[in-house]
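Each remark here refers to the structure printed beneath this line.
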Amino acid sequence: HWAKWAPLIVCGYHENQDWLKTLRVKAYLHASQAVLDASLKSLDKEDRQEHGLSSLHDYDYLWGQPFIDGLLSRLGNPEFKTQSRRTILENLLRRGEQVGRQRAGEFLSQTTDPDMRRHAAALLLTWDGAESWSLLVPLLEQEPEFAKSFVSEAAHDMRWHKEGESVHEL
């Protein structure tokens with residue numbers, strides 16, 4: 001019965017209350033594929049209707065390879081909104097997922113999507129720091145205007161998202 005009710009449990013309520021989180025986790029334990037499918041469909045709907053994926057943090061209980069694979073398919077889909085794709089990449093990097101760094105590097109090496117390229121560089125600087133210097137230093141040296149744009153975005157991110165660090169530490 002859990003699989004039958006999973007879509008309603010996952011998508012039927014847009015509140016982030018403790019009882020709902022508990023119910024979602026319980027549903028996931030009993031019908032993981034149904035909950036995963038409903039959750040990814042909910043993110044697809046949010047991408048179509050909203051500016052980005054502000055609810056992605058509501059799905060922390062799903063974090064694991066199947067969920068990551070679902071997110072990666074959306075990250076690679078240019079029809080997904082840029083802001084949504086940025087949120088996915090940020091979550092991968094914030095969680096230290098190696099595939100996040102790999103995908104960010106792929107965005108840096110291409111120029112067909114300048115917004116995602118800038119977001120990837122800023123997110124690497126914000127969440128991967130010194131580990132990404134080998135990717136970022138050439139951009140700083142060879143593309144000063146691009147570097148200015150991604151450093152500015154990273155400074156904004158650090159100001160709002162990373163407590164205890166200040167922009168001047170950049």
Side-chain angles (χ1 to χ4, degrees), residues 1-108 110 112-129 131-132 150 153-154 156-163:
H1 296 295
W2 283 100
K4 176 182 174 183
W5 291 104
L8 180 62
I9 293 168
V10 171
C11 305
Y13 301 97
H14 296 288
E15 303 157 5
N16 199 13
Q17 298 178 6
D18 289 338
W19 69 268
L20 185 55
K21 288 179 188 177
T22 302
L23 186 58
R24 286 177 175 166
V25 169
K26 189 167 187 149
Y28 184 68
L29 293 173
H30 292 283
S32 58
Q33 192 61 51
V35 171
L36 178 65
D37 292 345
S39 299
L40 291 170
K41 285 178 186 175
S42 180
L43 290 174
D44 293 343
K45 181 179 177 183
E46 184 177 354
D47 176 68
R48 286 189 306 273
Q49 296 179 347
E50 305 294 333
H51 179 63
L53 299 180
S54 62
S55 73
L56 188 57
H57 65 277
D58 292 344
Y59 300 98
D60 284 349
Y61 66 96
L62 289 175
W63 203 265
Q65 200 56 53
F67 188 61
I68 292 170
D69 291 344
L71 292 177
L72 290 173
S73 71
R74 285 142 180 87
L75 180 60
N77 181 353
E79 293 181 17
F80 234 62
K81 290 179 183 165
T82 300
Q83 188 60 36
S84 297
R85 295 166 69 211
R86 183 194 191 283
T87 300
I88 292 168
L89 185 59
E90 180 174 20
N91 274 269
L92 292 167
L93 290 168
R94 185 172 47 88
R95 291 173 175 275
E97 297 288 346
Q98 188 61 32
V99 70
R101 180 197 251 198
Q102 176 188 346
R103 288 294 178 96
E106 291 170 8
F107 284 121
L108 289 179
Q110 55 88 19
T112 58
D113 190 344
D115 289 334
M116 277 308 297
R117 187 172 186 245
R118 183 185 72 250
H119 293 321
L123 291 169
L124 282 170
L125 186 58
T126 303
W127 295 106
D128 204 39
E131 299 295 322
S132 294
F150 81 75
E153 184 175 323
H156 178 268
D157 286 350
M158 286 182 173
R159 179 174 179 215
W160 293 106
H161 298 298
K162 291 187 89 170
E163 295 180 28

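Numbers here are sequence positions counted from 1. Excluded from the calculations below are hydrogen atoms, water molecules and symmetry mates; all remaining heavy atoms, backbone and side chain alike, are included.
Between atom CE of residue Met116 and atom CG of residue Leu89 there is a gap of 5.5 Å, rounded to the nearest 0.5 Å. The CG atom of Leu29 sits 14.5 Å away from atom CZ of Arg24, with the distance rounded to the nearest 0.5 Å. A distance of 5.0 Å separates CG in Leu43 from OH in Tyr59, rounded to the nearest 0.5 Å. The distance from the CD atom of Gln83 to the CG atom of Leu53 is 8.5 Å, given to the nearest 0.5 Å. One distance of note links OG1 of Thr87 with CG of Leu71; it measures 10.5 Å at 0.5 Å rounding. Atoms CD and CG, from Glu131 and Leu125 in turn, are 13.0 Å apart once rounded to the nearest 0.5 Å.
Between Pro7 and Ala38, the shortest heavy-atom contact is CA-CB, 3.7 Å. The minimum heavy-atom distance linking Ser132 with Leu124 is given by the pair OG-CD2, 3.2 Å. When all heavy atoms of Arg85 and Leu75 are compared, the pair lying nearest together is NE-O, 2.9 Å. Taking both residues in full, the closest heavy atoms of Ala34 and Ala6 are given as CB-CB, 3.8 Å, listed atom of the first, atom of the second, then distance. Of all heavy-atom pairs between Ala104 and Leu93, the closest is CB-CD1, 4.5 Å. Here the closest heavy-atom approach between residue Arg86 and residue His119 is recorded as NE-ND1, 3.3 Å.
Listed by chain and number, the residues in a side-chain contact (heavy atoms from CB on, under 4.5 Å) with His30 are Trp2, Lys26 (sequence neighbours excluded).
For residues 64-106, the pairs satisfying ring pair (Phe, Tyr, Trp, His ring centres under 6.0 Å) are Trp63-Phe67, with sequence neighbours left out. Pairs engaging residues 63-72 under the salt bridge (charged side-chain N to carboxylate O under 4.0 Å, His left out) rule: none recorded [sequence neighbours left out].
Between Arg74 and Asp47 the shortest side-chain heavy-atom distance does not fall below 4.5 Å. By the 4.5 Å heavy-atom criterion applied to side chains, Leu23 and Trp5 are not counted as neighbours. At least one side-chain heavy atom of Ser54 sits less than 4.5 Å from a side-chain heavy atom of Glu46. At a threshold of 4.5 Å between non-hydrogen side-chain atoms, the residues Leu72 and Leu92 count as touching.
Side-chain atoms of Lys81 come within 3.5 Å of backbone atoms of Glu50 as a donor-acceptor pair (strictly under, hydrogens ignored). Judged purely by atom type and a 3.5 angstrom limit, Glu97 has no side-chain atom pairing as donor or acceptor with the backbone of Val99.
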Assess the residue pair Glu153 and Thr126 against the criterion (side-chain hydrogen bond (donor to acceptor under 3.5 Å, both in side chains)); give the C-alpha distance rounded to whole Å, side-chain angles, the decisive distance to 0.1 Å, and a yes or no. CA-CA 9 Å; Glu153 184 175 323; Thr126 303; over 6 Å; no
Test salt bridge (Lys or Arg N to Asp or Glu O under 4.0 Å) on Asp44 and Lys41 and set out the steps. CA-CA 5 Å; Asp44 293 343; Lys41 285 178 186 175; over 6 Å; no
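When only modelled atom types and interatomic distance are considered, Ser39 and Tyr28 share no side-chain donor-acceptor pair under 3.5 Å.
Checked options Arg94, Arg101, Arg103, Arg95; the residue passing with Asp128 is Arg101 (criterion: salt bridge (charged side-chain N to carboxylate O under 4.0 Å, His left out)).
Other residues, nucleotides and ligands contribute more than 12 heavy atoms inside 6.0 Å of the CD atom of Gln65.
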